[in-house]
Amino acid sequence: MAKELAKTYDPKGLEDRIYQTWEEKNYFHAEVDRSRKPFTIVIPPPNITGILHLGHAFDNTVQDILIRFKRMQGFNTLWQPGTDHASISTEVRIIQELQKEGIQKEDLGREGFLKRAWEWKEEYGGTIVKQLRKLGSSCDWERERFTMDEGCNRAVTEVFLRMHEKGYIYRGSRIINWCPVCNTSISDAEVEYEEQNGHLWHIKYPLVEEDGSISKTRFLEFATTRPETMLGDTAVAVHPEDERYADLIGKEVFLPFVERRIPVVADEYVDREFGTGVVKITPGHDPNDFEVGKRHHLPEVNIMNDDATINENGAKFAGMERYAARKQIVKELEEMGLLVRVEDYTHNVGTHERCHTTVEPLIKKQWFVKMDDLIKPAAEAVRNGTIKLIPPRLNAMYFNWTDNIRDWCISRQLWWGHRIPAYYCDDCEEVTVAAETPDKCPHCGGTHFTQDPDTLDTWFSSALWPFETLGWPDKTEDLDYFFPTDVLVTGYDIIFFWVIRMIFSSYEQMGTYPFHTVMLHGLIRDSEGRKFSKSLGNGIDPLEVIEQYGADALRLTIITGNSPGNDMRFYFERVENSRNFANKVWNASRFILMNMEKAAEGGEDVRYFLDTKLPEGLEAADHWILSRMNDMVREVTENMEKFELGIAVGKVYDFIWDEFCDWYIEMVKPRLRSADAKDGSQTCAKEDAADAAHTSRPQIPQAESDAQAHHAPSHIAALWTLQTVLITSLKMLHPYMPFVTEEIYQTFVGDAGSAERSRFAESIMISDWPLYDEALCFAEDEREISLIKEAVRGIRNLRSEMNVAPSKKTKVFVVSENEATRSVFEKSRLFFETLSHASESVCQTDKTGIADDAASVVLADAVIYIPLSELVDISAEIERLTKEKERLEKELARSKGMLANEKFLSKAPPEKIAEEKEKQQKYEQTYAQVQERLSALQ
RNA sequence: GGGAGUGUAGCUCAGCCGGGAGAGCGUUCGCCUCACACGCGAAAGGUCACGGGUUCGAGCCCCGUCACGCCCACCA
């Protein structure tokens, strides 16, 4: 029957094989099916330049878990995959590659460059997609899309046209962030501020006197961090209510080098407290000054070329690089006596997040999206709960953005990307926005056009991702069925870049929101809490982790202990622990298979898991584990519905390892063993006897073994329970650890006969998600087994403290006046004895026949005695019991205090009071027993 | 400057509706117990950052303080 499983779980080879089977069986693929409810997730498209890092692994594991969970719950699940063209990083990458060959991108020309870029994309662009498969991602690969494929291109053009038509897209001169190295504008969101040590130069400009002469004695002093921008100054500003300068407002100062007379203006932007309360105004090179300049109708002087060298407006500094110019200007100002002083100054400098070049604010004609109207429904959706952010605390972050939105600069001076569908008439230079080159200029009738050379910000197409991937702008069945999608999973760091833009784009184009829930996860950091970065060299390649420990171990590690929105640190020790867990599950399964085989050798069909009805003859331990399993199913499902994946998987883990493996399997062993003795061959019996001779293992008394044989088949009930609990646990674990669970599941189900087979899913990934079942609640059995567990723990503890060798078996007496308690021990004798290393257990009502110096474990209404006279140190025993007595005294004091408190009695809920009373009673009973023991010993 | 966080065992982190402090790793002790040494059993280890308050009762709620990162803004 069942296949052999290796002794240790080894994911190598196995994962690829299983993944391939899933793909061949087409399990990942979704088709429109009106009879079923869809559940859709669109992947945050990874950059084609990317290789898989732990962030992707995290993001995609979360998505895969949700998808697999929903798939098993019966939803028609679609996980829509694809990749992003990532304009800047791809273009930079290709330029670097060209440089190695000594080629500039201009040498190739636009078309040649794009050809090269596509070749590059075809060759390397698929890497990350292959890597996602290694993780186990159950994406519908047949539907894979690319942000620059034909459909997405149409979508982008369509949206551009529509938004331009409505006036949301406009072209205008604005001060933008310019990256002189990437040679393109970048959006505000792409600017990263870095604290840098710099200087604050205090400079003074001479005043222009009434007669137009330049004063040699009167100056206006101010401070600046960027002295070179003075070449573009068109004013100096003071606060309108600043009395110190009231008389100077409207006058002029003289700007050295460029020899310009510029006005003193009054503007509230100026902070009177800072420095001298005077600010130089450079509208061409500072965003704030740009605003001031607009208010005062100041000229805008651009002093810089695109490569950040000074241009012809910079007088004699023309041609110098910006920092060289700065140095020279400072030097000359000093010689002219206009430099007052220099102080060290730490300030934040805007840099380009991709290359960390200091950005240069420049005035450029760019395309913008007007945001104030578009953003309103996006903000509203989150405010009124139509879209839920998880965790909700990130709402504040979201609103911070929506409330302070600025127009979105969408043009980029790059070649790789969606070219802006705008055409300039060669005759009149007027612009026409159209899907294709117009025939005739609507302004002058001209027939020759030049298309805008710029491309769109990468995020412009990503913003359309949830609907463009489903066929928009066409009206497709897919779009109608799968859209709006359900959950978006991404890191909180791209709420602004992506999430908000998808929300308003979808609302604008589709008239509805793209998803109802956004699950935001944190970042994975290294073991010291640092971000992973190339410069730190602390990168961890997920593929290596998978190679070494398996994808399941990686997935489990990433999810365990994490809650939405929180960062987590990555440790190899934790991966090891996850791997160990996979091995644990593996071996538990191996144990069950082994026992099934043994039973099968005796001619029984033992694939009981195929039968879902509760069989006859289940014992307390079986009921207990089924009941615990049932709770686990409910709690795990609830937590998964709440996106608390870390909590959910923790519960599966604890259940499997602690309750199922460490307790239930151990409880069941003697039952399976006694079955061996019954149907076992002679050799088996002989071996047992031989074993027993030199280890003093507890022997099943002959009479009892016979009794078992006549009894309802206990080992059959155990085998049924083992299989049922295992299969259910595997299902609960499957979204987290898809490979090992599938492999084991296949081992159990794989060769079931065709009749049984039809009742069973052929793969765990399309099997049914377990449901909470009232029929599996066994409160009484849970209480009984708790009692046994408590007793076993006590005995183990005692033996450990007394240094009793595990091989040393002892007689155990359970003394209780309570008949029900005695009966619990009687019923569970078989495994109680094994678990507590007892040679024999005897239940009785009093201490008859028990030595006074026996060691004891005190329970509420029972005392367990272990005669260990030759081993027990009486004083140690007294000490142990005294410690126990003290502990109980403390608990009793607490409990009595509470119950004596009238306010507690009058205000606490009745069930809490009852609970406390019960506890008190138990403490009192136990306490009395301990005291009795102590007095007997002393 | 604004915002939202975090602070719990040596380390990393859980801790739901307020009702006797948990896990993993590490440490110590004992075990190759016929599923698993990637294992089993046991133990030690905590002023739940600090100070107030609310409450019969606070790790959890409220106020304040300190520390640490994060996001946003960008005062020249």
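The chains referred to below are lettered A, B, ... by the order of the sequence lines, with proteins before strands, and numbering in each begins at 1.
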May I ask you to check whether A/Phe222 and A/Tyr205 place their ring centers less than 6.0 Å from one another?
yes

Could you please name the partner base of B/A23, counting Watson-Crick and G-U wobble pairs only when both distances are under 3.5 Å?
B/U12

Is there a donor and acceptor pair, one atom on the side chain of A/Lys669 and one on the base of B/A35, closer than 3.5 Å?
yes

Which residue, A/Glu916, A/Lys922, A/Lys919, forms the side chain to side chain donor-acceptor pair (under 3.5 Å) with A/Ser895?
A/Glu916

Of the listed B/C72, B/G39, B/A76, the closest approach to the A/Phe496 side chain comes from B/C72

Any N/O donor-acceptor pair, A/Arg579 side-chain to B/C38 base, under 3.5 Å
yes

Establish, with yes or no, whether the OP1 or OP2 oxygen of B/C25 is under 4.0 angstrom from a side-chain nitrogen or oxygen of A/Asn577.
yes

Now, which nucleotide makes the Watson-Crick or G-U wobble pair with B/G45, with each of the two distances under 3.5 Å?
none

Which part of the nucleic acid, if any, lies within reach of A/Asn901 when heavy atoms closer than 4.0 Å are counted: base, sugar-phosphate only, or nothing?
sugar-phosphate

Using atom CD of A/Glu801 as one end and atom C1' of B/C29 as the other, report the distance to the nearest whole Å.
11 Å

Would you mind telling me which residue lines up with the more 5' stretch of RNA chain B, A/Arg590 or A/Arg525, judged by nearest nucleotide?
A/Arg590

Under 6.0 Å between ring centres: does that hold for A/His521 and A/Phe58?
yes

Donor-acceptor pair under 3.5 Å: do we get one between A/Glu644's side chain and the base of B/A14?
no

Same-atom distance (P) from B/U6 to B/C61, integer angstrom:
9 Å

Would you find a donor on one side and an acceptor on the other, under 3.5 Å apart, between the side chain of A/Arg383 and the backbone of A/Phe399?
no

Taking the chi torsion of B/C17, is it syn (within 90° of 0) or anti (everything else)?
syn

Starting from P on B/G41, measure out to CZ on A/Arg793 and report it in whole angstrom.
10 Å

So for A/Asn348 and B/C74, does any side-chain atom that can act as donor or acceptor lie under 3.5 Å from a complementary atom in the base?
yes

Do side-chain atoms of A/Asn639 reach the backbone of A/Ala648 as a donor and acceptor pair under 3.5 angstrom?
no

So what does A/Asp654 hit on the nucleic acid, given a heavy-atom distance under 4.0 Å: a base, only sugar-phosphate, or nothing?
nothing

So what's B/G64 paired with, Watson-Crick or G-U wobble, going by both distances under 3.5 Å?
B/C50

Between the base of B/C36 and the side chain of A/Lys7, is there a donor and acceptor pair under 3.5 angstrom?
no

Answer for the Watson-Crick or wobble partner of B/G30, both distances under 3.5 Å, is B/C40

